[in-house]
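Let me begin by presenting the structure, written as structure tokens, before commenting on it.
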Amino acid sequence: MLDPDSAYQALTSRDTRFDGVFYVGVTSTGIYCRPVCPVKPPMRKNCLFFTSAEAAEKANFRPCLRCRPELAPGNAPVDNAHRVADRLVQRIEEGLLEEHEGLDEIAAEFGLSSRQLRRIVQQELGVSPLELKQTRRMLLAKQLLTETRLPIIDVAFASGFSSLRRFNDVFQARYRMTPGALRKEVNQPVQAHPGDVAQLRLSYRPPYDWPATLGYLQQRLMKEVEAVEGDVYRRTVALGNYRGWISVSHLAAKNALSVEFSTSLTPVLPALLRRLRDLFDLNAQPLLIAAHLRQDPLLTDSIHHYPGLRVPGAFDGFELGVRAILGQQFTVKAATTLSSRFAQAFGEPCVTPFADLSRYSARPQRVADATIDEIAGLGIVSARARAIQAFASACAAGTLRFNATLTPDEIMTLLVSLPGIGPWTAHYIAMRALRWPDAFPKEDIAIRKNLGGLSPRAAEQRSQQWRPWRSYAVMHIWKSLS
């Protein structure tokens, strides 16, 4: 059953994650639409809400010609612009625009011409691709100037500028002051750190259950790569050719996380911060999610006791994928032991200020080049060793990419086509590595047991009322219903 008031709020918010969850029939026109339809939202009194396109058709509404609700979400022409614009922003933060000279290569990655890409970005975001890139650079530069003591030249390069002169010119044109003048004007105290360490804040929408997130990650650590001490999470980082480490703690009074990082990672800071936001699920809207899930009495108590429960993501998609394969039909503790052995065998050794961080996570090419016997020799059964090698080979070859150019459905389809990877593993990877809020590993034994011993098919049916937030429902089921 749909709550009409909540559905209308979702409709007016145009949150794409509600797409496919409900449909709105407009009594004044006799047309039904998807919640992402670009037309002006109808008045509340003229709206009827349906859980399926079939139900709207049965009520004698005809499909909208713009959002095409009779097609599966993602298949209508209107979806292309939304999807490309959202994914382009992600790719900018991963450094795509710095890797290519022009838009042609970028557009080709999305299956578009450069002209089509410019039109979509202008239409969806109101700026050109160049202006979008520049805005992202300037926002990061402002944060670095006000929250760190990094030299201005380092701020310029970390923000994606190729020269200090270009950075000063753009900054002066945009903000009518020099970078140095902004730093002096803000004049807020910045905690002193050693010369090779800097610190930034990453904000979130409260509430945030930091102990639950930290506890979840601690139970699944890859030793030597990750560590938890007290209320602080640490890990080594390898991004492209850059190496370093990060340390993350909670600033509850500021509704933010404090990120301390080695300045060796400054050149890849946009990608680093993006991955940390994904790892700690900082872009979630917890009040919106809770309002939807608490409609099910089964989850009400858990939502009350654990407000702000997040879905911990993954810093690295390949790393998480290996961890998911190792977790097939194993306890969390056993899978964690195996993943730590795996990191020790295939990860690159390193030196950090922390005794418990001494290795970078294994890279796909290294694992793809390994023999089945090398992988199985760690105590991993042969079937899973072959699955890990096939997964690594797909990642190394670029067939499987954990970036914004492929949709979650496309990646899950690729995953299940690999030997030894089934729907449970694909949904678990989607839930964490792809940040897919509606993933539901219905084959999970703990989920089915906690739901009263349901079959996978019955669990799938039971989960429908939690859409599009089934990943968050899974976290509550694991947390509270055992």
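Everything numeric in this text was worked out from a predicted model, so none of it was measured.
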Kindly say whether [Y] contributes a backbone atom to a donor-acceptor pair with the side chain of [X] at under 3.5 angstrom?
{"X": "T148", "Y": "L200", "result": "no"}
{"X": "N450", "Y": "A446", "result": "yes"}
{"X": "R384", "Y": "L326", "result": "no"}
{"X": "R359", "Y": "T236", "result": "no"}
{"X": "S463", "Y": "E460", "result": "yes"}
{"X": "H305", "Y": "D301", "result": "yes"}
{"X": "R363", "Y": "Y360", "result": "no"}
{"X": "R235", "Y": "S361", "result": "no"}
{"X": "T300", "Y": "R294", "result": "yes"}
{"X": "N255", "Y": "P206", "result": "no"}

### Query
Relative to each other, are the rings of W424 and Y428 parallel, tilted or perpendicular (30° and 60° limits)?
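Geometry flag for Y428 against W424: parallel rings.
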### Query
Among L265, V237, V351, V197, which residue meets the side chain to side chain contact (heavy atoms under 4.5 Å, CB included) test with W245?
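Single side chain to side chain contact (heavy atoms under 4.5 Å, CB included) partner of W245 among L265, V237, V351, V197: V197.
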Heavy atoms, side chains only, cut-off 4.5 Å: are [X] and [Y] in contact?
{"X": "N168", "Y": "P179", "value": "yes"}
{"X": "E147", "Y": "Q143", "value": "yes"}
{"X": "L299", "Y": "I477", "value": "yes"}
{"X": "M431", "Y": "F440", "value": "no"}
{"X": "R166", "Y": "V170", "value": "yes"}
{"X": "V311", "Y": "F280", "value": "no"}
{"X": "D444", "Y": "V474", "value": "no"}
{"X": "I429", "Y": "L415", "value": "yes"}

Measuring from atom [atom1] of [X] to atom [atom2] of [Y], what distance do you get when rounded to the nearest 0.5 angstrom?
{"X": "F391", "Y": "T399", "atom1": "CZ", "atom2": "OG1", "result": "12.0 Å"}
{"X": "L434", "Y": "E410", "atom1": "CG", "atom2": "CD", "result": "11.0 Å"}
{"X": "R277", "Y": "S203", "atom1": "CZ", "atom2": "OG", "result": "5.5 Å"}
{"X": "I380", "Y": "R341", "atom1": "CD1", "atom2": "CZ", "result": "8.5 Å"}
{"X": "R183", "Y": "L150", "atom1": "CZ", "atom2": "CG", "result": "7.0 Å"}
{"X": "S302", "Y": "M475", "atom1": "OG", "atom2": "CE", "result": "10.0 Å"}

Ring centroid separation [X] to [Y] under 6.0 Å:
{"X": "F157", "Y": "F161", "result": "no"}
{"X": "W466", "Y": "Y472", "result": "no"}
{"X": "Y204", "Y": "H250", "result": "yes"}

### Query
Does Y242 OH have over 12 foreign heavy atoms under 6.0 Å away?
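No, because the 6.0 Å sphere around OH of Y242 holds 12 heavy atoms or fewer from other groups.
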### Query
What do you reckon, is CZ of R174 surrounded by more than 12 foreign heavy atoms closer than 6.0 Å?
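Atom CZ in R174 is crowded, with more than 12 foreign heavy atoms closer than 6.0 Å.
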### Message
What verdict does the side chain to side chain contact (heavy atoms under 4.5 Å, CB included) test give for R201 and V259, after you've listed the backbone C-alpha separation in whole Å, the side-chain angles of each residue and the deciding distance to 0.1 Å?
### Response
CA-CA 6 Å; R201 290 180 185 174; V259 180; over 6 Å; no
Compare every heavy atom of [Y] with every heavy atom of [X], then report the nearest pair and how far apart it is.
{"X": "L164", "Y": "A156", "value": "CD1-CB, 4.2 Å"}
{"X": "G420", "Y": "Q328", "value": "O-NE2, 2.9 Å"}
{"X": "G313", "Y": "R432", "value": "O-NH2, 2.9 Å"}
{"X": "R448", "Y": "A459", "value": "CG-CB, 4.2 Å"}
{"X": "L279", "Y": "F315", "value": "CD1-N, 3.9 Å"}
{"X": "P312", "Y": "T213", "value": "CG-CG2, 4.3 Å"}

Pair [X] + [Y], salt bridge at N-O below 4.0 Å:
{"X": "D281", "Y": "R435", "result": "yes"}
{"X": "R275", "Y": "D316", "result": "yes"}
{"X": "E229", "Y": "R234", "result": "yes"}

### Query
Could you walk me through whether R220 and S339 pass the side-chain hydrogen bond (donor to acceptor under 3.5 Å, both in side chains) check?
CA-CA 9 Å; R220 295 160 176 81; S339 68; over 6 Å; no
### Query
Between F171 and K142, is there a cation-pi geometry (under 6.0 Å to ring centre, at most 45° from the normal)?
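Pair K142/F171 does not count as cation-pi.
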### Task
List the steps, then state whether side-chain hydrogen bond (donor to acceptor under 3.5 Å, both in side chains) holds for S258 with Q199.
CA-CA 7 Å; S258 174; Q199 188 177 50; 2.7 Å; yes
### Query
Quick one: side-chain hydrogen bond (donor to acceptor under 3.5 Å, both in side chains) partners of Y233, sequence neighbours excluded?
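For Y233 the side-chain hydrogen bond (donor to acceptor under 3.5 Å, both in side chains) partners, ignoring immediate neighbours, are E226.
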### Task
Could you check L378 against F346 for side chain to side chain contact (heavy atoms under 4.5 Å, CB included), going step by step and ending with a plain yes or no?
CA-CA 11 Å; L378 302 175; F346 297 110; 3.8 Å; yes
### Query
Stepwise, does the side chain to side chain contact (heavy atoms under 4.5 Å, CB included) test hold for I421 with I325?
CA-CA 7 Å; I421 296 183; I325 295 171; 4.0 Å; yes
### Task
Verify side chain to side chain contact (heavy atoms under 4.5 Å, CB included) between L202 and L273, making sure each step is shown before the conclusion.
CA-CA 8 Å; L202 294 177; L273 298 182; 4.2 Å; yes
